[in-house]
Protein chains: 2
Amino acid sequence: MALSPRQIEERRTRQARIVSGTLSVYRSKGIEGITMDEIAKASGFGKATLYHYFPSKEEVITTILEDGWKSLWLEVSGVTLTGLSYREKLFNILKVLSAKVQQNPDLYKFLFKAPQIYPIVKSPDWESFQSRIYNRIESILKEGVEKGEFMNIAPEILMKAMGGIFHGLLLFGENQSTVHDEDLEKLMNQFIS
Amino acid sequence: MALSPRQIEERRTRQARIVSGTLSVYRSKGIEGITMDEIAKASGFGKATLYHYFPSKEEVITTILEDGWKSLWLEVSGVTLTGLSYREKLFNILKVLSAKVQQNPDLYKFLFKAPQIYPIVKSPDWESFQSRIYNRIESILKEGVEKGEFMNIAPEILMKAMGGIFHGLLLFGENQSTVHDEDLEKLMNQFIS
DNA sequence: TTAATATTCGACCGCTGATTCGTATCATAA
DNA sequence: TTATGATACGAATCAGCGGTCGAATATTAA
């Protein structure tokens with residue numbers, strides 16, 4: 001018997017509740033503290049019930065990764081770039097990324113930390129979103145360097161350095177005081193040109 | 001009965017063998033793959049024997065952290081800074097760090113990754129070495145900014161960004177192609193001034 | 001030589017955490 | 001109203017891992 005629309009809707013709501021419970025466990029107990037018992041407690045279900053909504057813990061994790069990377073990608077892909085200088089293109093992308101990240105830092109910390117700890121996730125769909133983002137940035141860097149708008153250094157290195165700055169500013173340390181667009185822009189401009 | 005010098009020496013050798021086995025497990029199986037069974041296999045001892053040389057797994061880990069951070073600090077503290085511009089001071093320090101890190105990337109990846117995963121290591125002696133390094137760099141940044149030699153931005157932010165670059169260039173990704181001093185210098189100069 | 005100590009190790013113990021079982025209740029289509 | 005599936009969950013089960021045990025073998029100070 002097929003599920004009614006309402007039932008499907010409710011299933012989704014409960015899945016979302018579980019996902020959000022998982023993130024709240026992450027927030028309070030760190031990534032090692034994420035156990036099915038804790039997720040159950042935090043999301044208000046019995047432990048066994050979780051398995052009606054996700055086939056495994058891994059699936060909970062990958063759902064978070066996928067939702068997160070996808071939403072970042074949607075943000076990035078929505079940025080209009082036509083008729084802008086490379087510097088502006090780059091900065092516009094970084095700006096939306098930074099806004100998104102700062103609006104829910106724990107989620108985005110999780111996005112970077114989780115894959116280091118649960119290494120071999122089968123069929124990592126989320127990676128495709130991640131690489132779309134990276135590719136878009138990297139190609140801007142590459143063209144910017146070619147056109148002489150950016151400093152003349154191998155684009156891969158530039159990319160790594162950029163990624164590092166982004167990480168350092170937004171995701172490092174406990175108390176990430178908010179980073180303002182002006183600071184970000186200042187640093188990036190300085191860095192890139 | 002006290003141990004003879006030779007026995008002490010041999011103990012140390014075996015401890016070193018265990019430490020190095022641990023790092024090789026880390027290299028091949030990642031940080032989650034580090035179990036006492038694996039360490040035993042990799043270092044050529046029976047599991048029980050490990051406990052004659054280290055009281056616990058945690059102690060193996062902290063030994064690695066301590067040795068690593070200490071050796072970084074020794075390198076940094078040996079850099080002469082008198083009579084140099086802030087830019088040169090900074091670059092000289094980064095240069096020795098970079099050399100050290102690139103000469104054994106897995107070890108230094110481990111130095112940064114391990115504390116994220118084994119969070120509450122009692123009496124973390126290694127942290128003192130870490131903070132000595134950070135302090136030395138941060139104070140150069142601070143003075144450089146004050147004296148107007150570096151770009152005018154809050155030194156903490158500069159510090160985070162610097163740390164990020166360093167991470168990004170040297171410790172990120174699987175295939176860290178070697179980063180040459182010239183690139184490092186170019187990036188830093190660009191960035192800082 | 002011999003008693004004490006150092007060294008070695010596989011098998012076992014206890015715990016933790018993911019997953020499954022068995023069962024009970026609820027909603028709904030026939 | 002009743003049979004089927006959806007929902008719920010605490011109690012088992014099972015596996016992996018840190019750490020210990022007990023016994024064997026080597027070394028060495030007397």
Side-chain angles (χ1 to χ4, degrees), chain A residues 1-19 21-26 28-65 114 117-122, chain B residues 1-19 21-26 28-65 114 117-122:
Chain A
M1 197 190 331
L3 296 181
S4 76
R6 199 211 70 239
Q7 282 174 313
I8 293 178
E9 162 89 21
E10 285 183 356
R11 264 189 89 76
R12 260 199 276 273
T13 314
R14 295 192 199 107
Q15 282 170 335
R17 192 184 299 278
I18 291 169
V19 159
T22 304
L23 283 171
S24 105
V25 174
Y26 172 63
S28 58
K29 314 228 161 175
I31 203 156
E32 294 295 281
I34 301 180
T35 68
M36 290 309 260
D37 278 292
E38 289 294 337
I39 296 177
K41 213 189 302 169
S43 54
F45 291 102
K47 181 160 57 148
T49 308
L50 299 179
Y51 287 86
H52 278 270
Y53 298 97
F54 291 95
S56 67
K57 176 181 171 183
E58 177 164 331
E59 202 70 21
V60 179
I61 304 294
T62 55
T63 297
I64 297 177
L65 291 178
I117 296 198
Y118 312 108
I120 23 92
V121 256
K122 44 145 205 207
Chain B
M1 196 193 327
L3 296 180
S4 76
R6 199 211 70 242
Q7 282 174 312
I8 293 178
E9 161 89 20
E10 284 183 356
R11 266 189 87 76
R12 259 199 275 274
T13 314
R14 294 189 199 110
Q15 282 171 335
R17 191 185 297 279
I18 290 168
V19 159
T22 304
L23 283 171
S24 104
V25 173
Y26 172 64
S28 57
K29 314 229 162 176
I31 203 155
E32 294 293 279
I34 301 179
T35 68
M36 290 309 262
D37 279 291
E38 290 294 336
I39 296 177
K41 211 189 304 170
S43 54
F45 292 102
K47 180 156 70 143
T49 308
L50 299 179
Y51 288 86
H52 279 267
Y53 297 97
F54 291 95
S56 68
K57 177 183 171 183
E58 178 163 329
E59 201 70 22
V60 179
I61 304 296
T62 54
T63 298
I64 297 177
L65 291 178
I117 297 200
Y118 313 107
I120 23 91
V121 256
K122 45 147 204 200

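Numbered from 1 within each chain, the chains take letters A, B, ... in sequence-line order.
Shortest non-hydrogen contact noted between B/S24 and B/A42 is OG-CB, 4.0 Å. Between B/H52 and B/R11, the closest heavy-atom pair is O-NH2, 2.6 Å. The nearest pair of heavy atoms linking B/S43 to B/L50 is OG-CD2, 4.0 Å.
At whole-Å resolution of the value, CD in A/E9 and P in D/dA6 are 18 Å apart. Atom NZ in A/K41 sits roughly 19 Å away from atom C1' in D/dA8 (whole-Å rounding). Look at CD1 on B/I8: it is 14 Å from P on D/dT28, rounded to the nearest Å. Here the P atom of nucleotide C/dC9 and the CD1 atom of B/I18 are 10 Å apart, to the nearest Å.
Only at 4.0 angstrom or more do the heavy atoms of residues 10-17 of chain B sit from any atom of DNA chain D, so none qualifies. In the region residues 30-37 of chain A, proximity to DNA chain C at under 4.0 angstrom, judged on heavy atoms, holds for A/I34, A/T35, A/M36. The stretch residues 50-59 of chain A comes close to DNA chain D through A/H52, A/Y53, each having a heavy atom under 4.0 Å from the strand.
Take A/K41 and apply the side chain to side chain contact (heavy atoms under 4.5 Å, CB included) test, not counting sequence neighbours, and it matches A/E38. Partners of B/E9 by side-chain hydrogen bond (donor to acceptor under 3.5 Å, both in side chains), not counting sequence neighbours: none found. For the side chain to side chain contact (heavy atoms under 4.5 Å, CB included) test, residues two or more places apart in sequence or in another chain that qualify with B/Q15 are B/R12, B/Y53, B/F54. Scored by the side-chain hydrogen bond (donor to acceptor under 3.5 Å, both in side chains) test, A/E10 finds A/R6, A/R14 as partners (sequence neighbours excluded). Evaluation of the side-chain hydrogen bond (donor to acceptor under 3.5 Å, both in side chains) rule for A/Y51 yields no partner, not counting sequence neighbours.
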With a cut-off of 3.5 Å and sequence neighbours excluded, list every side-chain donor-acceptor pair involving residues 57-65 of chain B.
unit_1, atom_1, unit_2, atom_2, d
B/K57, NZ, B/I34, O, 2.8
B/T62, OG1, B/E58, O, 3.2
B/T62, OG1, B/E59, O, 3.1
B/T63, OG1, B/E59, O, 2.7

Between N or O atoms, less than 3.5 Å apart, protein on one side and nucleotides 10-15 of chain D on the other: list the pairs.
none

Exercise for the section: Take A/K29 and A/T35 through the test side-chain contact (heavy atoms from CB on, under 4.5 Å) and record every step on the way to the result. Expected result: CA-CA 10 Å; A/K29 314 228 161 175; A/T35 68; over 6 Å; no
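For the atom pair B/I39 CD1 and B/L23 CG, the distance stands at 9.5 Å (nearest 0.5 Å). To the nearest 0.5 Å, the span separating OG1 on B/T49 from CD1 on B/I18 amounts to 8.0 Å.
For the helix from C/dT1-D/dA30 to C/dA30-D/dT1, the angle separating the two terminal helix axes comes to 10°, with each axis derived from five pairs and the value rounded to 10°.
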